[in-house]
Amino acid sequence: MARTRFQLAHELAFFLPVALMAGALLSQYWGGLFPCEMCHWQRWPHYTAIGLAGFAFFLPPPARRLLVVLAALAIATSGAIGVFHAGVEYHWWNGITACASNITGSGGTPQDMLARIMGAPIIRCDVAQWSLFGISLAGFNALFSLGGAATILWLMVQDRRR
């Protein structure tokens, strides 16, 4: 049985943020690319979209449609943050955050705490840690998120016209 355009939109609203978050988490935990503060900002809308689209699988069609639209808007929000972050990385405009650090552990002597602070990497929001063809991770998130959100909404409009 062929899937409807809405079913494709729903699956895209769920699997696109899952794939983008899998890539982000793999690059962090396996690739050693620590996220800056704006990187984290881009993740929250994807987590929201995953929850909304995932929950929608268990609801009747009218509520399902609403949650898929909300998931698409969350994905677009992450893309908009990605555009802003990429602009900061390319020095098109100034960012609004300070540098972040990835400090682990707690307690110990003051010397131990100072050693952890001094040994933690400083993650700058205005420096891309990785790029491909001149596009940073924030840039790729912007492209995939905005393109995916537009595709989801287009599929839903096309499904309504049938």
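What you see below is based on every heavy atom in this structure, not just the backbone, and it leaves out hydrogens, waters and symmetry mates.
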>> Connecting only ILVMFWY residues whose side-chain heavy atoms lie within less than 4.5 Å of each other, what is the rest of W154's hydrophobic cluster?
In response: L8, L155
> Tracing side-chain links under 4.5 Å among I, L, V, M, F, W and Y, which residues wind up in one group with V83?
Replying inline: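 Listed partners: L146.
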> What residue pairs, at least two apart or across chains, pass salt bridge (charged side-chain N to carboxylate O under 4.0 Å, His left out) with a residue in residues 132-144?
Replying inline: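 Pairs touching residues 132-144 that pass the test: none.
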> What residue pairs, at least two apart or across chains, pass salt bridge (charged side-chain N to carboxylate O under 4.0 Å, His left out) with a residue in residues 49-60?
Replying inline: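 Listed once each, the pairs would be none.
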> Looking at residues at least two apart in the chain, or sitting in another chain, which of them share a side-chain hydrogen bond (donor to acceptor under 3.5 Å, both in side chains) with H10?
Replying inline: none
Heavy-atom closest contact ([X] atom, [Y] atom, distance):
X	Y	value
A86	A138	N-CB, 3.9 Å
S145	S78	OG-OG, 4.2 Å
T151	G147	OG1-O, 2.8 Å
M156	A9	CG-CB, 3.7 Å
A56	V68	CB-CG2, 4.4 Å

> Out of curiosity, H91 NE2 to E89 CD, how far, rounded to the nearest 0.5 Å?
Replying inline: 8.5 Å
Do the non-hydrogen side-chain atoms of [X] and [Y] ever get within less than 4.5 Å of each other?
X	Y	answer
S136	H85	no
P45	I81	yes
R43	P35	yes

> For W30, what residues pass the ring-ring contact (aromatic ring centres under 6.0 Å, His included) criterion, not counting sequence neighbours?
Replying inline: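 Here no residue qualifies.
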>> In terms of relative ring orientation, are F144 and F140 parallel, tilted or perpendicular, with 30° and 60° separating the classes?
In response: parallel
> Which pairs pass side chain to side chain donor-acceptor pair (under 3.5 Å) with one or both residues in residues 12-26, sequence neighbours excluded?
Replying inline: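 Of all non-adjacent pairs touching residues 12-26, none passes side chain to side chain donor-acceptor pair (under 3.5 Å).
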> Could you give all pairs that pass the side chain to side chain donor-acceptor pair (under 3.5 Å) test and reach residues 62-77, with sequence neighbours left out?
Replying inline: R65-D159
Anything under 3.5 Å between a donor and an acceptor, one on a side chain of residues 11-25, the other on a protein residue two or more places apart or in another chain? List them.
{"residue": "E11", "atom": "OE1", "partner": "R3", "partner atom": "NH1", "Å": "2.6"}

>> The criterion is side-chain contact (heavy atoms from CB on, under 4.5 Å); which residues satisfy it with W93, sequence neighbours excluded?
In response: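 With sequence neighbours excluded, W93 shows a side-chain contact (heavy atoms from CB on, under 4.5 Å) to F84, V88, given in chain and number order.
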